[in-house]
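Notes follow the structure.
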Amino acid sequence: MASGGQQFPPQTQEKQPGKEHVMDPLPQYISPDYKPSNKLRGKVALVTGGDSGIGRAVCYSFALEGATVAFTYVKSQEDKDAQDTLQILKKDKSADAKDPMAIPADLGFDENCKKVVDEVVNAYGRIDILVNNAAEQHKSTSVEDIDEERLERVFRTNFFSYFFMTSRCLRHMKEGSSIINTTSVNAYKGNPALLDYTSTKGAIVAFTRGLSLQLVSRGIRVNGVAPGPIWTPLIPASMSEEEVANFGKEVPMKRAGQPSEVAPCFVFLACEHCSSYITGQVLHPNGGVIVNG
């Protein structure tokens with residue numbers, strides 16, 4: 001995609017999680033130029049927050065590459081997006097992959113993560129790839145506006161879920177498995193209007209690095225992806241109409257990215273023969289923002 005020249009129609013959504021099917025334009029979950037090559041054939045992947053945005057793009061790319069895919073979503077709030085994603089995956093899954101699965105869950109609590117993992121393992125026998133991706137964000141101009149309840153909620157969604165899902169999945173992962181955590185460019189450059197969200201993303205970077213060292217002896221790689229401004233339901237659900245209209249213009253490429261431009265990072269990190277010598281690292285699809293770390 002070319003740099004610059006992009007502007008989104010002003011739009012907002014009343015609450016989170018945002019809904020992909022009402023966005024204008026719809027996010028692009030696959031590039032027409034993407035060429036799958038069985039990179040994940042025979043693998044079982046679990047993606048949290050897989051119903052829309054980056055999660056949907058990752059699920060679809062994994063399915064095109066031959067993986068059996070399960071994903072989570074928020075019940076009664078993301079049902080249509082989840083069903084849309086499920087149908088997309090069923091239509092284009094490889095012949096030897098099992099049917100995909102959509103599981104409703106609030107992943108901020110360990111008992112719910114256990115239920116999700118048990119359901120996936122009961123259906124597919126194992127988990128080879130875990131993508132921790134679920135997230136929420138809320139804008140505030142001051143740290144004084146963030147109360148204990150909100151801080152706990154954001155950390156439960158954005159960080160506790162990563163911790164609990166990883167702990168539960170590891171019992172069913174073997175040498176050659178891969179864990180990929182979605183963090184954010186905000187963890188590296190900061191964001192004064194998203195202080196609690198940014199804090200969770202920094203925690204994810206530290207978690208990724210520490211966990212990679214812990215699991216290297218088991219042959220399980222742990223990496224992260226730190227997207228910049230990407231056109232997902234999180235944006236209209238947490239920003240004003242004016243902010244949406246100008247979303248992404250601050251990066252060197254002068255535009256927001258599409259989920260389809262982020263998903264290949266996850267495919268690369270999930271594929272053992274593509275990234276077998278990479279662990280504890282973070283990829284940065286962010287439109288040209290220079291980060292050090």
Taking every non-hydrogen atom, the tightest pair across [X] and [Y]:
{"X": "Lys98", "Y": "Ala123", "answer": "NZ-O, 3.8 Å"}
{"X": "Ser240", "Y": "Thr12", "answer": "C-CG2, 3.7 Å"}
{"X": "Val116", "Y": "Ala105", "answer": "CG2-CB, 3.5 Å"}
{"X": "Asp24", "Y": "Trp231", "answer": "O-CZ2, 3.8 Å"}
{"X": "Pro233", "Y": "Gly18", "answer": "CB-C, 3.4 Å"}
{"X": "Ser178", "Y": "Leu269", "answer": "OG-O, 3.1 Å"}

From CA spacing to verdict: side-chain contact (heavy atoms from CB on, under 4.5 Å), Glu65, Tyr34: CA-CA 11 Å; Glu65 293 291 353; Tyr34 186 84; 2.6 Å; yes
Residues in ring-ring contact (aromatic ring centres under 6.0 Å, His included) contact with Tyr29, at least two apart in sequence or another chain: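 ring-ring contact (aromatic ring centres under 6.0 Å, His included) list for Tyr29, sorted by chain: Tyr60.
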Partner set under ring-ring contact (aromatic ring centres under 6.0 Å, His included) for Phe207, not counting sequence neighbours: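 Applying ring-ring contact (aromatic ring centres under 6.0 Å, His included) to Phe207 gives Phe159, Phe163.
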May I ask you to decide if [Y]'s main-chain N or O and [X]'s side chain share a donor-acceptor pair within less than 3.5 Å?
{"X": "Asp81", "Y": "Glu20", "result": "yes"}
{"X": "Ser276", "Y": "His273", "result": "no"}
{"X": "Asp79", "Y": "Gln77", "result": "yes"}
{"X": "Arg56", "Y": "Pro27", "result": "no"}
{"X": "Gln214", "Y": "Ser212", "result": "no"}
{"X": "Thr48", "Y": "Asn133", "result": "yes"}
{"X": "Asp99", "Y": "Lys90", "result": "no"}
{"X": "Gln11", "Y": "Pro9", "result": "yes"}
{"X": "Thr183", "Y": "Lys201", "result": "yes"}
{"X": "Ser161", "Y": "Gly108", "result": "no"}

Could you measure the distance from the [atom1] atom of [X] to the [atom2] atom of [Y]? Nearest 0.5 Å is fine.
{"X": "Thr68", "Y": "Lys93", "atom1": "OG1", "atom2": "NZ", "answer": "7.0 Å"}
{"X": "Thr85", "Y": "Glu78", "atom1": "OG1", "atom2": "CD", "answer": "9.5 Å"}
{"X": "Gln13", "Y": "Leu234", "atom1": "CD", "atom2": "CG", "answer": "10.0 Å"}
{"X": "Glu242", "Y": "Phe247", "atom1": "CD", "atom2": "CZ", "answer": "14.5 Å"}
{"X": "Phe62", "Y": "Leu46", "atom1": "CZ", "atom2": "CG", "answer": "10.5 Å"}

If two hydrophobic side chains count as joined below 4.5 Å and joins carry through other members, does [X] share a cluster with [Y]?
{"X": "Ile220", "Y": "Ile204", "result": "yes"}
{"X": "Phe8", "Y": "Met253", "result": "no"}
{"X": "Phe266", "Y": "Ile129", "result": "yes"}
{"X": "Leu89", "Y": "Val131", "result": "yes"}
{"X": "Val225", "Y": "Leu194", "result": "no"}

Residue pairs, two or more places apart or on separate chains, that pass side-chain hydrogen bond (donor to acceptor under 3.5 Å, both in side chains) and touch residues 100-112: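 Qualifying pairs: Asp106-Arg153, Asp110-Arg168.
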Atom NZ of Lys189 with >12 non-hydrogen neighbours under 6.0 angstrom: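 Yes, NZ of Lys189 has more than 12 neighbouring heavy atoms, counting only those of other groups under 6.0 Å.
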Over 12 foreign heavy atoms within 6.0 Å of CZ, Arg126: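 Buried by this count: over 12 neighbours within 6.0 Å.
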Please determine, by modelled atom types, if [X] and [Y] share a side-chain donor-acceptor pair under 3.5 angstrom.
{"X": "Gln83", "Y": "Tyr73", "result": "no"}
{"X": "Asn158", "Y": "Thr200", "result": "yes"}
{"X": "Ser275", "Y": "Arg221", "result": "yes"}

Worked verdict on Leu283 versus Asn223 for side-chain contact (heavy atoms from CB on, under 4.5 Å): CA-CA 8 Å; Leu283 301 184; Asn223 293 289; over 6 Å; no
Worked verdict on Gln137 versus Met239 for side-chain contact (heavy atoms from CB on, under 4.5 Å): CA-CA 10 Å; Gln137 68 180 28; Met239 295 185 177; 4.2 Å; yes
Within-4.5 Å side-chain heavy-atom neighbours: Phe71 and Asp51: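 Yes, side chains in contact.
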Side chains of Thr232 and Pro259 in contact at under 4.5 Å (non-hydrogen atoms):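 Yes, their side chains come closer than 4.5 Å.
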Residue list, side chain to side chain donor-acceptor pair (under 3.5 Å) with Lys139, at least two apart or on another chain: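 For Lys139, the residues satisfying side chain to side chain donor-acceptor pair (under 3.5 Å) (neighbours in sequence not counted) are Glu243.
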Side chain to side chain donor-acceptor pair (under 3.5 Å) partners of Lys249, counting only residues at least two apart: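 Expected list: Asn246.
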Ring geometry between Tyr188 and His284 (parallel below 30°, tilted from 30 to 60°, perpendicular above 60°):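 Ring orientation, 0 to 90° scale: perpendicular.
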Salt-bridge contact Arg156-Glu152 (side-chain N to carboxylate O under 4.0 Å):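 So Arg156 pairs with Glu152 through a salt bridge.
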Chi angles and distances behind the side-chain contact (heavy atoms from CB on, under 4.5 Å) call for Leu170, Met173: CA-CA 5 Å; Leu170 276 172; Met173 302 179 99; 4.2 Å; yes
Under 4.5 Å side-chain linkage, directly or through intermediates, the cluster mates of Val154: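 In the cluster with Val154 there is nothing else; it is isolated.
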